[in-house]
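Residue numbers run from 1 in the order of the sequence given. This is a predicted model, so every value here is computed, not measured.
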Amino acid sequence: MTYRTTAALALIAAGAMTLVAACGGTSSSGSSSGTSAGGPVHGGNLVIARTADSQSMNNTTVFDNESIWIFEQIMQPLYTVTPNGKAVQPWLATSYTVSPDKKTYTFTLRKGVKFSNGKPMTSADVKFSIDQASAAAKGWGYINTAIKSVSAPSPSTVVVSLKYPWAPLLADLSLFSNAIVPANYDGQTENQFYQHPIGTGPFKWDYWHKGSALKLVRNPYFWQKGKPYLDSVTWTDVPSDNTRELQLKGGQAQVDEFPAWSTVASLKATSGITMNLFHSTRTDYLAFNETVKPFQDVHVRRAMSYAINRAALVKAVLFGNGVPANSIFPPQVPYYQPATKGLQYNLAAAKAEMAKSTVPHGFSTTILVPTGFSDSQTIATILQSELKPLGITLKIQTLDPNTANLDQQNLKYDMTLTYWTMDIPDPDELATFAVDPNSGAKSFFTAYNNPTVVKATHQAEQTLTTATRQALYNTVQSQSAADAFMAFLYYSPYAYATTSNVHGFFVTPLGNYHLENVWMSK
């Protein structure tokens, strides 16, 4: 949260850029190649100790990664992201044709695909799924705004008609919100269906003990022969960094999601553990709630953004495993603009902005931090010190991660730490999510609204020319940085620690992982 054989794909490829090794990327070959342990074997129950519980399994409305990474194992879209995160590849669709006016796409579906209940997937299911995703006004419906209609002229053919040419269509169809579910929710209501969703993915539903664990088991009807290798995957909710590490070392878990950066070096040196730093599109931000005073004041936001020493954060929090952020976009995303400088550390400029503000002598405010996240606590503590010269008194409010997530989405906070990972290899998803207050995400849950930025974002969606799209996204990046609706903090890799008997675990730069490829040596 954060995805290609046409002109649109050529544009994507032309604009793509790679997050370099300065972001701390190291090889994950020990856990992903499987060569040292021979070929893949079947069996095993993988346990992933994660930082927070999921919010919902409804792929069309939910925004949190802890939900997304799970239902991506159950439900699949027509296209999926390539391993390098820069393009898409056929998944439940195998090919398409496009009309000369670029407004009609005809997709051929993969043969022999079945849902986990054994029923064949047809074009009727695809039409229903995309229609439902498009109707999700409070969720990801904005992704499908260009879709005029979807038709199913034959069981293996789907036609998507557009209102206008749309550059990111294939990337949008690879988003999890457009994953395919049974037509009419297999005879259930929407709410009933998402209590135990059905899809075509490698795993199917077992149980969800909220606040404790969620388990999926092998789908015997999965269309990739011989996969998945695992019998089951269980995600356990372990907010404490220390507890997740202890469980990994003790064998109660095989994957530690996001170990504390302070432990990366020691985990690299720990026998029986593989410390993975995957190239990523992760960007961390400090979000300001513009419905709360004085954050409507751009000078206040700019002052605070100038006051943050990002290089010091990278050193103190990431232990050097990252680089300061200059743009709302991460470098891996097409149309990222390195020339956008953002508001980098400059205390004199920070004080000058405060002097122009409605609160020139400072104010008191609160930062919302989830419990159990030592890195977030460290950032908040550093911010307390960095904002003092501006006369700003910062109080730290801690809540459990699930409540903190909900409070952010309901704009019940002053300031909070948040992050983004791309889901599609096109900037449209992030740009619209982050800067359009009517997108369903309230401008990254900040209430930010700059008509110039919103207009440029939507013009870029309907532009098929690389240079013109770049110019529009340059406007989005430079103006949103100047508005400081969030303070862009840093880019970092994805840190996952696994036991050394786990093979094939690989996270794409967009944050998703294909657990059908994972196996455990005996």
[X] side chain to [Y] backbone, donor-acceptor under 3.5 Å:
X	Y	answer
Glu257	Thr51	yes
Asp241	Pro259	no
Lys127	Val150	yes
Trp69	Gly511	yes
Ser174	Tyr79	no
Thr281	Pro509	yes
Arg110	Trp91	yes
Gln254	Leu46	no

Open item on the list: Just to verify, which of Tyr473, Tyr285, Trp420 counts as forming a ring pair (Phe, Tyr, Trp, His ring centres under 6.0 Å) with Phe329?
Closed with: Tyr473

Task: Face-on cation placement of Arg282 at Tyr419 ring, 6.0 Å and 45° thresholds - done: yes

Task: Test: Lys210 cationic atom under 6.0 Å from Trp208 six-membered ring centre, within 45° of axis - done: yes

Task: Sub-6.0 Å ring centroid separation between Tyr185 and Phe128 - done: yes

- [ ] May I ask you to check whether Phe505 and Tyr496 place their ring centres under 6.0 Å from each other?
- [x] yes

TODO: Look at Asp256 together with Arg244 and state whether they make a salt bridge at an N to O cut-off of under 4.0 Å.
DONE: yes

Task: Salt bridge present between Glu290 and Arg301 (N-O < 4.0 angstrom) - done: yes

TODO: Among Asp426, Asp428, Thr463, find the residue that satisfies the side chain to side chain donor-acceptor pair (under 3.5 Å) test when tested with Arg469.
DONE: Asp426

Open item on the list: Can you confirm whether the side chains of Thr468 and Gln459 place a donor and an acceptor under 3.5 Å from each other?
Closed with: no

- [ ] Answer yes or no: does atom NZ of Lys455 have more than 12 heavy-atom neighbours from other residues, nucleotides or ligands under 6.0 Å?
- [x] no

- [ ] Please name all residues satisfying salt bridge (Lys or Arg N to Asp or Glu O under 4.0 Å) with Asp53, sequence neighbours left out, ordered by chain then number.
- [x] Arg50

